[in-house]
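I have placed the structure first, in the form of structure tokens, so that the comments after it can refer back to it.
Since the model is a prediction, treat every value here as computed from it, not as a measurement.
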Amino acid sequence: WSPDGRTLFYSEQRQPDPGVQTLYRVPLVGGQPARLVTTVMGGLLSPDGKHIVIQDSTDFQRKIIIDPNGRQVTSFRIPRGYTFEGWRDSNTLLFTTPQSFRRLHSYSIADGRSRVLIDSLARVTFPEWSSDGKRISVIHPKNFGSRYELITLDASGANQRHLPLKRVHGTLNLWSP
């Protein structure tokens, strides 16, 4: 959905290649769906609805940013095996390292730079951004996983706060609006 609730974006898989999807945009007031792009990942809309990130269908390390009309804004490559986690805000994407998430990267559409936000020897899980995009929280094991803590920090990676969890294992953290 677009942020104003007036437009629905959806993808459609067609045979014979089930890995390929076509992304469409349709206004809810009526009209025909508009074909935006064909990709191997259906696309994820930015919080303000101005960008959509898609997967390049020929290069799995390449992400393409398009506008809601399907025009390419920019593209960039991520290291092999990294996972797209979502949008931090309308101009910043988040990626994690392969397998055990130990490093969280951000990629800025505005300046084309990648930054490491979290770099941990121990695994961190369940990254969640505050609704204003200014802080992130993660669950982090302590003492080789015998105890866990909730870590919050600024979007820049500064001002870390560690909150011990009373239970042995933390599985979810959410921010209020």
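Side-chain contact between Ile109 and Thr74: present, with at least one pair of heavy atoms (C-beta onward) separated by less than 4.5 Å.
By the neighbour-count criterion of 12 heavy atoms within 6.0 Å, atom CD of Gln160 is densely surrounded, having more than that number from other residues, nucleotides or ligands.
Of all heavy-atom pairs between Ser90 and Asp48, the closest is OG-CG, 2.9 Å. The two residues Val73 and Asp67 come nearest to each other via the heavy atoms CG2-N, 3.8 Å.
Considering OG of Ser137 and CD1 of Ile151, their distance stands at 10.0 Å, rounded to 0.5 Å. A distance of 12.0 Å separates CG of Leu45 from NZ of Lys50, quoted to the nearest 0.5 Å. Rounded to the nearest 0.5 angstrom, Ser46 OG and Ile65 CD1 are separated by 8.5 Å. Going from atom NE2 of His51 over to atom CG of Asn91 covers 5.5 Å, rounded to the nearest 0.5 Å.
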**Report entry** side-chain contact (heavy atoms from CB on, under 4.5 Å) evaluation trace for Phe76 with Ile64
**Finding:** CA-CA 7 Å; Phe76 60 96; Ile64 302 170; over 6 Å; no
Requested in this report: Under the side-chain contact (heavy atoms from CB on, under 4.5 Å) rule, what do Ile54 and Ile66 come out as? Steps first, then yes or no, please.
Outcome: CA-CA 8 Å; Ile54 61 171; Ile66 62 173; 4.2 Å; yes
Query raised in the report: What do the steps show when you test Asn159 against Arg161 for side-chain contact (heavy atoms from CB on, under 4.5 Å), and what is the final call?
Result: CA-CA 6 Å; Asn159 297 315; Arg161 183 173 175 206; over 6 Å; no
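Side-chain contact, Thr152 with Arg135: a donor N or O sits under 3.5 Å from an acceptor N or O. Side-chain contact annotation: Arg62 with Ser75, donor-acceptor N/O pair under 3.5 Å present.
Ring centers of Tyr107 and Phe95: at least 6.0 Å apart, outside the cut-off.
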